[in-house]
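Throughout, protein chains are lettered first and strands after them, A, B, ... in sequence-line order, and every chain is numbered starting at 1. Basis for what follows: all heavy atoms, side chains included, without hydrogens, waters or symmetry-related copies. The structure presented is a predicted model; accordingly, all values stated were derived computationally and were not measured.
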Amino acid sequence: MYIIESSKVYDVIVVGSGAGGGMAAKVLAESGLSVAIVEAGPFFDPTNAEQMTQLKWPYESPRRGASTTRAFGDFDAAYGGWEIEGEPYTRNEGTEFDWFRSHMLGGRTNHWGRISLRFGPKDFKRKSIDGLGDNWPIGYDDVKPYYDKVDKLIGVFGSKENLDNEPDGYFLPVPKPRLHELYYINAARKAGVTVIPSRLSILTKRINNDRGVCFYCSQCSRACSAKADFSSSTALVFPAQKTGNADLFVNSIVREVTTDNEGRATGVSYVNKGDRQEYQLKGKTVILAASACSSARILLNSKSSQHPNGLGNGSDIVGKYLHDSTGSSRAAFVPELMNRKVTYNEDGVGGMHVYSPWWLDNKQLDFPRGYHIEVWGGMGMPSYGAGFGVTEMNKFVGEQVGGYGNKLRDDVKRFYGAIMGISGRGESVAQEDNYCEIDPSVVDEWGIPVLRFNYNWTDYERLQAKHMHETFEEIFDAMGATTLGEVPGKEQDYGLAAPGRIIHEVGTTRMGNDPRTSVTNKNQQLHEVDNVFVVDGGPFVSQADKNPTWTIMALSWKTSDYIIDQLKKQNI
Amino acid sequence: MKTMLLGSLTGGLVMSGCSPEEAAEQTVTPAETGGYGRTEAEKLRDNMLMEAEFFTEEEVDIIATLCDLILPASADFGSATDAGVHEFIAFIVKDIPDHQVPLRGGMMWLNHRSIKRFGDVFTKATVAQQKELLDEIAYPDKATPEVAQGVKFFDRMRNLTLTGYYTSKMGIDDLGYQGNRPNVWDGVPEDILQEHGLSYDEEWLSKCVNQENRDVMAEWDEDGNLLT
């Protein structure tokens, strides 16, 4: 399978097999083009019993699911994490950025929250509204046909709500709320916060004969053996391979895009992690979908006499405008949810059945961008950490904290399912001086220069997080709940998660009409190299108060159609 | 499985006094077969941890004694050591080394306290004396500053015992958790709704899945209205 220099010239080389890469590979392979998919991690198939964690019990892990070896616990499907041995990254002093990488077939789609929101018309034109950042060179109407196609191909449940900036789509029916979610609905409404059924790419109803229907184990983060949630492998990459037009190269980490004397791309070079040898693949077109930061890294490392500052980086914009969603959370004890009858299974789908889209007008507020609210709680499966601090709950009901003996059994059961959490996930304002760049002095174990991050939140994000906590308290008050812990204040940045922690990082190869201030054009094509495209979160001009995956896939499909057309016309 | 059966009788004996191979053989539980979706690197790490030892025999005895004082058997369910919690704790200190010094030092603290008050180490004290020692450190709000370190230690032991127990099969049965199996979610049962004075409103319900049609292929009209 592996060759030092490929004799075959692929029509398209796709780097990365997550949401963006998987979609491009599928659309292009199905159009009849020859496609090479190059993935840095191992092969992964959610239906493979050897790799499966779905429906395992906590006691099947000696650490009971603790997060020692996998960042989100033993049963989470993502290989990789915040740190990967042998593949470091660095940060400029005094700045923060945590980078979650999942090197495996399907990437982070194997464990993600499946929250699948379209960006609304306003989300593409924020500068016109608040004067900050930049507008996208495209609008909702350009992307809408592709959102429609993604809905039908991948499947997403949701409800038609006719809300201003939360476009409806082709939805599957939603699951009924759980008990704690009914409490949330009532409390949110009392607090004046909009609440609607959530929108997740989980099949509550059959959409084709290749994938199954959800069986409500709540374990989408473990990747679904029934293919009833969206993972890039089962929904995109395997169908691409089925055409016979797509070759998959796993454990292959791309070093750079290779170029000819005119500066056009000729393919990629990569290191095979198995034999540590370097290989070259030839392609007429190169599509980067390695994740916003990894794709920026590849471009910056692709230096040549034609591109001395890195490929497509004459503008010096590659890596800049890196931005993640904001995040802050609060938990509370809900007295009405004490002493629950554990007579039924409320696992439901993976994640929440209800949520709150942004419901206010920022013109009336002291911060420019919105956030949505996610809800968690319920009688979930115990794992490492279950029972920690349970006797402390007694202080909320006027009883003694601490103790030992069979009284503890009662404590565990009385408070089981009585904690609810709500989290805000908001839009930050992209800043030129939040960036990743090549660290001049550090390489990874493959000899590839690594990224160095420089990222600081601004008051736009801090004031938004402050508002989140005010909202959380109003909702919990309306519920009669008692919040846990102290509300994070100014000195804790109002509980703002460190940049990167929400794993929605985008913006490093942003699109625009002006090659001096953007890396890609509206087709996600490099301004400076017409046969190189980026179809991950990199081309995002602004991350909305939504999750990026649905937009990544819609834009990847749109770009793929453009590539098919351009190859046909022999323009690239 | 063997150690699960031997349970509280042997305490730390199983993990010591035999070769690593034998120990690994004897402590096999479903998890240790690697059958929970591990990568090769994770299997290697698991095996390395399984073969390593941290606690001494005496320490595992103290852990086991504390486990069963914290969670003795109830009328319906076995004790913490019946559920193998002491073995879980012996493993988790190797997996999460941050537990090592607080637990080892905490046991030394407890033995010191026991010797000072009753003339012998904790495991040699009578059950009544052991409970007297725990009464000093098990209630953070009324504990004296003199035993503050003991309170911290006991809190950690209680947390690990509860987490070990309620993530075991026995503990999950005791808790009554009904999930982790294929099923069809169709909302909160009526009796629970009534108990909470709640109901689903009609408008919301109209958006929800009709589970009878879940296997019927989805089709929409041009406006995105689901037809099936």
Side-chain angles (χ1 to χ4, degrees), chain A residues 51-53 55-64 66 68-69 79 159-160 168-176 178-179 182 197 204-207 213 215-217 336 341-342 344-345 347-348 379 381-390 400-406 408-409 412-413 416, chain B residues 29-32 35-37 39 42 45-46 69-72 74 88 91-92 95-96 134 138-141 158-159 162-164 166-169 172 174-189 192 196 198 200 205 207-210 213-218 220 224 226:
Chain A
Q51 297 178 309
M52 202 185 298
T53 56
L55 297 180
K56 301 291 181 189
W57 292 96
Y59 47 82
E60 293 182 69
S61 147
R63 64 187 61 75
R64 306 296 165 88
T68 331
T69 53
Y79 301 166
S159 54
K160 294 188 90 168
D168 299 327
Y170 290 81
F171 290 129
L172 301 170
V174 304
K176 289 177 189 169
R178 306 175 181 93
L179 186 61
L182 289 174
T204 50
K205 190 173 172 67
R206 188 170 290 282
I207 60 159
V213 178
F215 58 75
Y216 300 97
C217 71
E336 276 76 14
K341 278 191 185 147
V342 192
Y344 69 105
N345 175 356
D347 281 350
M379 301 186 291
M381 179 157 52
S383 66
Y384 181 81
F388 277 23
V390 70
Q400 192 166 45
V401 171
Y404 59 94
N406 274 322
L408 295 179
R409 292 180 193 266
V412 166
K413 290 176 216 172
Y416 179 49
Chain B
T29 65
E32 293 162 60
Y36 64 114
T39 65
E42 287 167 338
R45 182 172 183 275
D46 274 6
L69 285 164
I70 291 169
L71 266 190
S74 69
F88 159 71
F91 176 85
I92 205 72
D95 188 57
I96 306 176
L134 295 195
Y139 302 92
D141 296 336
R158 184 170 45 215
N159 281 345
L162 286 176
T163 224
Y166 284 100
T167 54
S168 74
K169 186 171 188 320
I172 289 170
D174 181 21
L175 185 63
Y177 168 67
Q178 301 288 312
N180 196 33
R181 64 203 76 196
N183 73 106
V184 177
W185 166 256
D186 203 19
V188 181
I192 307 283
H196 287 265
L198 293 168
Y200 289 109
L205 276 186
K207 299 165 183 169
C208 294
V209 57
N210 174 354
N213 292 339
R214 59 206 295 269
D215 260 320
V216 180
M217 202 77 78
W220 299 267
L226 188 68

- Tightest non-hydrogen contact, residues A:K341 and B:I192, listed as CB-CD1, 3.6 Å

- Task: Walk me through it: do A:D347 and B:Y177 pass the test side chain to side chain donor-acceptor pair (under 3.5 Å)?
- Result: CA-CA 10 Å; A:D347 281 350; B:Y177 168 67; 2.9 Å; yes

- Considering only heavy atoms from C-beta outward, does the side chain of B:H196 approach that of A:L179 to under 4.5 Å? yes

- Item | Shortest non-hydrogen contact between A:A66 and B:I96, atoms and distance | CB-CD1, 4.3 Å

- A:Q400 portion near chain B, given a 4.5 angstrom heavy-atom threshold: side chain

- Would a 4.5 Å heavy-atom cut-off, applied to side chains only, mark B:N213 and A:P173 as touching? no

- A:P62 side chain near B:D46 side chain, heavy-atom distance below 4.5 Å: yes

- Message: Just so I know, are the side chains of B:R214 and A:T204 near enough to count as touching, which here means a heavy-atom distance under 4.5 Å?
- Response: no

- Message: Between B:T163 and A:R64, is the side chain to side chain contact (heavy atoms under 4.5 Å, CB included) condition met? List the steps.
- Response: CA-CA 9 Å; B:T163 224; A:R64 306 296 165 88; 5.9 Å; no

- Message: I'd like to verify something: which residue of B:L162, B:T167, B:L198 has the highest number of heavy-atom pairs under 4.5 Å with chain A?
- Response: B:T167

- Per-residue tally against chain B (heavy atom, under 4.5 Å) across A:C217, A:G348, A:P197 peaks at A:P197

- Query: Taking B:L71, B:V216, B:V184 one by one, which has the highest count of heavy-atom pairs under 4.5 Å against chain A?
  - Reply: B:V216

- Message: At a 4.5 Å cut-off on heavy atoms, which part of A:M52 comes close to chain B: side chain, backbone, both, or neither?
- Response: backbone

- Message: Between B:W185 and A:R178, is there a side-chain heavy-atom distance shorter than 4.5 Å?
- Response: yes

- Item | Whether A:Y404 and B:Y139 hold their rings parallel, tilted or perpendicular, with breakpoints at 30° and 60° | tilted

- Verdict with reasoning, B:D174 to A:K413, per side chain to side chain contact (heavy atoms under 4.5 Å, CB included): CA-CA 9 Å; B:D174 181 21; A:K413 290 176 216 172; 2.5 Å; yes

- Could you look at B:L175 and say if it's the side chain, the backbone, both or neither that has a heavy atom under 4.5 Å from chain A? both

- So, the part of A:Y416 with a heavy atom under 4.5 Å from chain B: the answer is side chain

- Query: Considering only heavy atoms from C-beta outward, does the side chain of A:V174 approach that of B:V209 to under 4.5 Å?
  - Reply: no

- Message: I need the residue from B:V188, B:N183, B:D141, B:L226 with the largest number of non-hydrogen atom pairs under 4.5 Å to chain A.
- Response: B:N183

